[in-house]
Amino acid sequence: MRILVCISNVPDTTTKVKFSTDQKSFDDGGVQWIINPWDELALTRAMELKEDASNPVSNVTVVTVGSASAEPTLRKALAIGADDAIRVDAVSSDAYFVAAQLAAVAGSGDFGIILCGIESSDYNGSSVGGMISEIMGIPSVSAVSGLKLEGEEVVITRDIDGGREELSVPAPFVGVVQKGIAKEPRIAAMRGIMMARKKPLQVVPAADAESYTSYKEFAMPEPKAPCKMVEADNVKELVNLLQNEAKVL
Amino acid sequence: MSVLVYTENWDGKFKKLSYELLSYAKSVATLVGGDVNALSIGKVNQDELSSLGNYGASLVLSADGTPSGLDNQVYTEIIAAAMDKVGARILIMAHNNSGKALAPRLSVRLKAGLAAGVIAVPESVNPLVVSKKVFSGKAKGKVEILTEKAVLTLSQNSFEINETAGTASVESFDSGVDLAAAATTIKDVQKQEGKLLLTDADVVISGGRGMKSGDNWAPIEELATVLGAATACSRPVSDEGWRPHDEHTGQTGKIIAPNLYMAFGISGAIQHLAGVSSSKCIVAVNTDKDAPIFESADYGIVGDALKVLPELISEIKTVKAQ
Ligand SMILES: Cc1cc2nc3c(=O)[nH]c(=O)nc-3n(C[C@H](O)[C@H](O)[C@H](O)COP(=O)(O)OP(=O)(O)OC[C@H]3O[C@@H](n4cnc5c(N)ncnc54)[C@H](O)[C@@H]3O)c2cc1C
Ligand SMILES: Cc1cc2nc3c(=O)[nH]c(=O)nc-3n(C[C@H](O)[C@H](O)[C@H](O)COP(=O)(O)OP(=O)(O)OC[C@H]3O[C@@H](n4cnc5c(N)ncnc54)[C@H](O)[C@@H]3O)c2cc1C
């Protein structure tokens with residue numbers, strides 16, 4: 001079985017977000033790029049599955065939709081252990097367009113498991129994984145916090161109201177992963193970094209697809225009112241404020 | 001041009017979430033000049049269904065056959081059939097687990113642009129332009145929907161519930177979807193009675209490294225019990241094994257938006273805030289008056305969490321008893 005991990009190339013989590021003077025685009029000056037944290041966990045789990053010899057996983061491929069500037073992030077994914085990488089050469093701001101590209105890649109490669117993160121930390125769409133599955137007409141499972149193989153059977157753990165659920169899903173499918181899928185993101189070792197330079201990174205042209213949405217403008221959130229401080233020995237007052245002012249108790 | 005709201009019930013009861021969605025949908029429907037239709041899936045009694053009229057619904061479609069499990073494809077089919085039935089242009093869902101699972105599929109299915117995590121009523125309807133959070137809440141962006149139809153998922157707590165007396169007509173809805181056709185098969189369910197799903201809880205009590213040790217969690221749990229709240233923690237706390245991993249909130253943990261988030265001994269790192277900043281009200285208790293959490297909090301106490309917690313518990317018990 002082959003696994004495809006979709007990698008979104010995003011600004012480092014501590015980035016101070018700035019926009020162009022016309023507020024129409026993200027200002028990426030000085031930004032450090034990383035693998036979207038969820039995607040890093042998905043890749044970590046894919047590697048664990050492949051390394052366990054009892055699993056029928058033959059190959060882990062990473063894919064991103066982006067310009068050449070996203071390639072260092074793909075190399076990082078190769079250094080973590082992916083066997084090969086694909087970059088769909090397109091700059092897009094629309095989740096449907098991105099999903100259409102990824103569905104085309106997934107459909108051409110005989111992948112049994114297609115993994116996406118629950119949210120890309122840049123545009124927070126929570127969209128791409130579900131869209132890929134609907135475009136391909138295959139099952140999707142979301143909020144995936146565990147993934148294992150029992151022979152050829154894929155067994156997934158997901159959170160539900162009041163607990164968790166185990167389910168099995170036929171391949172191919174899209175798993176949208178969240179916290180718990182792997183314990184810690186794997187860090188590339190020196191050897192991995194050396195090897196990554198020689199691993200295949202294929203650039204493919206974008207498929208024809210529409211955009212369903214377009215960003216018009218960005219803004220910083222309104223500054224919030226300052227925090228109301230209450231003395232430590234006056235807990236009564238805090239409860240009063242929560243009850244009668246904030247009305248949240 | 002009407003609007004369809006996908007409501008969710010828990011054991012036959014609607015929650016605040018659905019009322020918020022309907023109130024929002026009512027404002028949207030007023031802008032586009034149409035009605036609010038609601039779709040309910042599963043067994044819900046007639047009174048509960050028609051009470052959705054109090055929040056703006058004029059018609060409630062009740063698909064009362066219960067699918068065998070939460071299978072994304074089965075639910076997508078039912079919701080798409082309901083969109084067809086009422087001829088709706090806009091589908092509104094919650095930006096929660098099920099919304100995140102279903103909205104993208106429906107976007108493709110209906111050829112409808114998706115704006116996820118919307119925070120306000122559309123600023124225009126022709127074209128449809130809505131605001132949403134981007135960069136984990138560090139900024140917001142205006143999205144234009146380029147397609148005829150649209151799917152909007154509403155960020156929790158971004159819209160006031162608007163209650164006005166009204167009754168909705170309730171219609172039983174047979175979607176024609178084979179409820180047993182699920183591709184996924186449930187193998188095992190583990191439910192803990194009384195344990196709330198963190199992402200759906202109205203109140204969340206959370207502890208950080210300032211709690212000093214996993215052995216100090218009893219007052220956090222007690223406060224949660226008193227308030228009917230869920231418990232959460234910062235990442236180092238779950239990394240240390242003081243608390244289970246599924247309680248960790250933040251950029252790499254759960255993303256939550258309760259009405260009330262109480263943070264005890266949490267410094268307020270940017271990655272932590274990314275998971276909780278959409279909460280309606282944030283309370284922080286921290287010994288350090290300069291802790292960054294106070295910049296994001298609404299109410300704060302500079303003090304020892306281990307001393308404040310017992311006093312808070314007893315005060316809340318007193319107030320609740322009145
Ligand atoms: C205004 C704007 C400008 C942009 N500029 C650029 C740019 O200059 N260069 C560029 O490369 N992209 C750019 N993008 C694309 C953007 O980074 C996302 O790929 C796309 O918008 C989907 O984001 P989302 O928040 O919907 O993803 P989500 O649906 O939240 O992502 C969920 C998961 O889908 C997968 N995924 C998401 N995006 C990709 C991707 N691109 N490739 C592979 N897997 C993915 C990941 O697994 C991710 O965890 C831009 C987007 C916008 C809105
Ligand atoms: C890529 C990346 C992703 C991350 N993702 C997350 C994430 O998702 N979630 C997350 O939480 N973190 C995340 N982190 C870690 C984050 O940067 C912080 O290190 C972490 O949030 C700090 O946890 P804390 O507030 O519990 O601990 P600390 O920062 O150590 O803060 C403890 C606080 O307790 C106060 N204190 C001490 N004693 C008491 C007392 N008796 N009573 C009251 N207050 C007291 C102190 O003044 C201090 O402010 C991430 C980091 C990175 C690099």
Side-chain angles (χ1 to χ4, degrees), chain A residues 13-14 17 19 37 95-96 118-119 121-131 133-135 139-143 145 155 159-170 179-180 211-221 227-230 232 235-236 238-239 241-243 246 248-249, chain B residues 72-73 97 100-101 104-105 107-109 113-117 129 133-136 138-147 183-192 195 197 200 245-246 248 251-254 259-260 270-271 280-281 294 297-303 308 311-312 315-316 319:
Chain A
T13 54
T14 53
V17 172
F19 298 102
Y96 176 77
I118 197 161
E119 178 179 288
S121 68
D122 48 7
Y123 298 98
N124 305 158
S126 298
S127 309
V128 171
M131 285 178 173
S133 64
E134 186 68 23
I135 294 170
S140 57
V141 185
S142 28
S145 58
V155 178
D159 290 357
I160 52 163
D161 207 1
R164 54 184 42 144
E165 198 170 75
E166 248 190 18
L167 47 107
S168 85
V169 56
K179 165 82 187 162
S211 285
Y212 281 6
T213 62
S214 145
Y215 276 87
K216 303 270 87 174
E217 194 180 292
F218 296 93
M220 300 313 282
C227 184
K228 260 196 195 171
M229 300 308 289
V230 175
V235 168
K236 213 182 171 74
L238 177 66
V239 173
L241 288 167
L242 292 178
Q243 198 174 27
V248 287
L249 279 189
Chain B
N72 290 338
Q73 283 169 299
N97 274 351
K100 288 177 195 174
R105 294 201 77 123
S107 167
V108 172
R109 185 55 200 267
L114 166 60
V129 177
K133 285 189 193 130
V134 290
F135 293 97
S136 306
K138 288 187 223 168
K140 52 188 188 174
K142 281 183 190 162
V143 184
E144 178 177 335
I145 307 292
L146 304 172
T147 47
T184 49
T185 322
I186 312 285
K187 296 184 60 144
D188 184 35
V189 181
Q190 289 166 17
K191 275 201 176 198
Q192 214 176 319
K195 182 148 163 77
L197 187 65
D200 283 341
H245 274 280
D246 58 6
H248 141 212
Q251 181 126 30
T252 48
K254 298 276 164 66
N259 262 341
L260 174 60
I270 192 149
Q271 297 93 352
K280 187 168 168 199
C281 176
F294 290 123
D298 300 284
Y299 300 100
I301 288 183
V302 177
V308 171
E311 290 175 34
L312 197 55
E315 179 61 25
I316 290 176
V319 170

Exercise. Evaluate the side-chain proximity of A:V235 to B:V308: yes if any heavy-atom separation is below 4.5 Å, no if none is.
Key: yes
Self-check item: Interchain contact, A:A95 with chain B, by part (heavy-atom threshold 4.5 Å)
Solution: neither
Exercise. To the nearest 0.5 angstrom, please state how far the NZ atom of B:K187 sits from the CD atom of A:E166.
Key: 6.5 Å
Practice problem: Mind ranking A:K236, A:E119, A:M220 by heavy-atom pairs under 4.5 Å with chain B and telling me who comes out on top? | Solution: A:K236
Exercise. Measure distances from A:V128 to the heavy atoms of chain B and classify the residue's part below 4.5 Å as side chain, backbone, both or neither.
Key: neither
Quiz prompt | Rounded distance [0.5 Å steps], CG in A:L238 versus CD1 in B:I301 | solution = 4.5 Å
Quiz prompt | Closest contact, heavy atoms only, A:P139 versus B:A183 | solution = CG-CB, 3.7 Å
Exercise. Identify the two heavy atoms, one from B:A297 and one from A:C227, that lie closest to each other, and give their separation to 0.1 Å.
Key: O-CB, 3.4 Å
Self-check item: Point-to-point distance, once rounded to the nearest 0.5 Å, from NZ of A:K179 to OG1 of B:T252
Solution: 6.5 Å
Quiz item: Below 4.5 Å, heavy atoms only, C-beta onward: do B:K100 and A:S142 meet side chain to side chain?
Solution: no
Quiz prompt | Most chain B-contacting option - heavy-atom pairs closer than 4.5 Å, from A:G125, A:A246, A:S133 | solution = A:S133
Quiz prompt | Interchain contact, A:V239 with chain B, by part (heavy-atom threshold 4.5 Å) | solution = side chain
Quiz prompt | Pick from B:A116, B:G117, B:G253 with the largest number of heavy-atom pairs that fall under 4.5 Å of chain A | solution = B:G253
Quiz item: Who among A:S168, A:P170, A:S211, A:P37 has the most heavy-atom pairs with chain B under 4.5 Å?
Solution: A:S168
Quiz item: Residues two or more places apart in sequence or in another chain: which of them pass ring-ring contact (aromatic ring centres under 6.0 Å, His included) with A:Y212?
Solution: A:Y96
Exercise. Counting only heavy atoms closer than 4.5 Å, note whether B:E311 contacts chain A via side chain, backbone, both or neither.
Key: both
Quiz item: How far does CZ of B:R105 sit from CD1 of A:I135, to the nearest 0.5 angstrom?
Solution: 10.5 Å
Exercise. Considering only heavy atoms and a distance below 4.5 Å, find which of A:V17, A:V169, A:V155 pairs most often with chain B.
Key: A:V17
Practice problem: Could you tell me whether the side chain of B:V319 reaches within less than 4.5 Å of the side chain of A:L249, counting heavy atoms only? | Solution: no
Quiz item: Using a cut-off of under 4.5 Å for heavy-atom pairs, which of B:K280, B:H248, B:K133 has the most such pairs with chain A?
Solution: B:H248
Quiz item: Given the options B:V189, B:L114, B:N72, B:V129, which has more heavy-atom pairs under 4.5 Å with chain A than any of the others?
Solution: B:N72
Quiz item: Can you tell me how far the OG atom of A:S121 sits from the CD atom of B:Q271, to the nearest 0.5 Å?
Solution: 10.5 Å
Quiz item: Where on B:E144 is there a heavy atom nearer than 4.5 Å to chain A: the side chain, the backbone, both, or neither?
Solution: both
Quiz item: What part of B:I186 lies closer than 4.5 angstrom to a heavy atom of chain A: side chain, backbone, both or neither?
Solution: both
Quiz item: When heavy-atom pairs shorter than 4.5 Å are enumerated against chain A, which of B:G303, B:S107, B:A115 gives the highest number?
Solution: B:S107
Self-check item: Greatest number of heavy atom pairs closer than 4.5 Å to chain B - which of A:S126, A:S214, A:S127
Solution: A:S214
Exercise. Quickly, which of B:I316, B:L260, B:L312, B:D298 forms a side chain to side chain contact (heavy atoms under 4.5 Å, CB included) with A:L242? Name it, please.
Key: B:L260
Self-check item: Separation between CG of A:N124 and NZ of B:K140, rounded to the nearest 0.5 Å
Solution: 14.5 Å
Quiz item: Between A:T13, A:T14, A:I118, which has the largest tally of heavy atom pairs under 4.5 Å with chain B?
Solution: A:T13
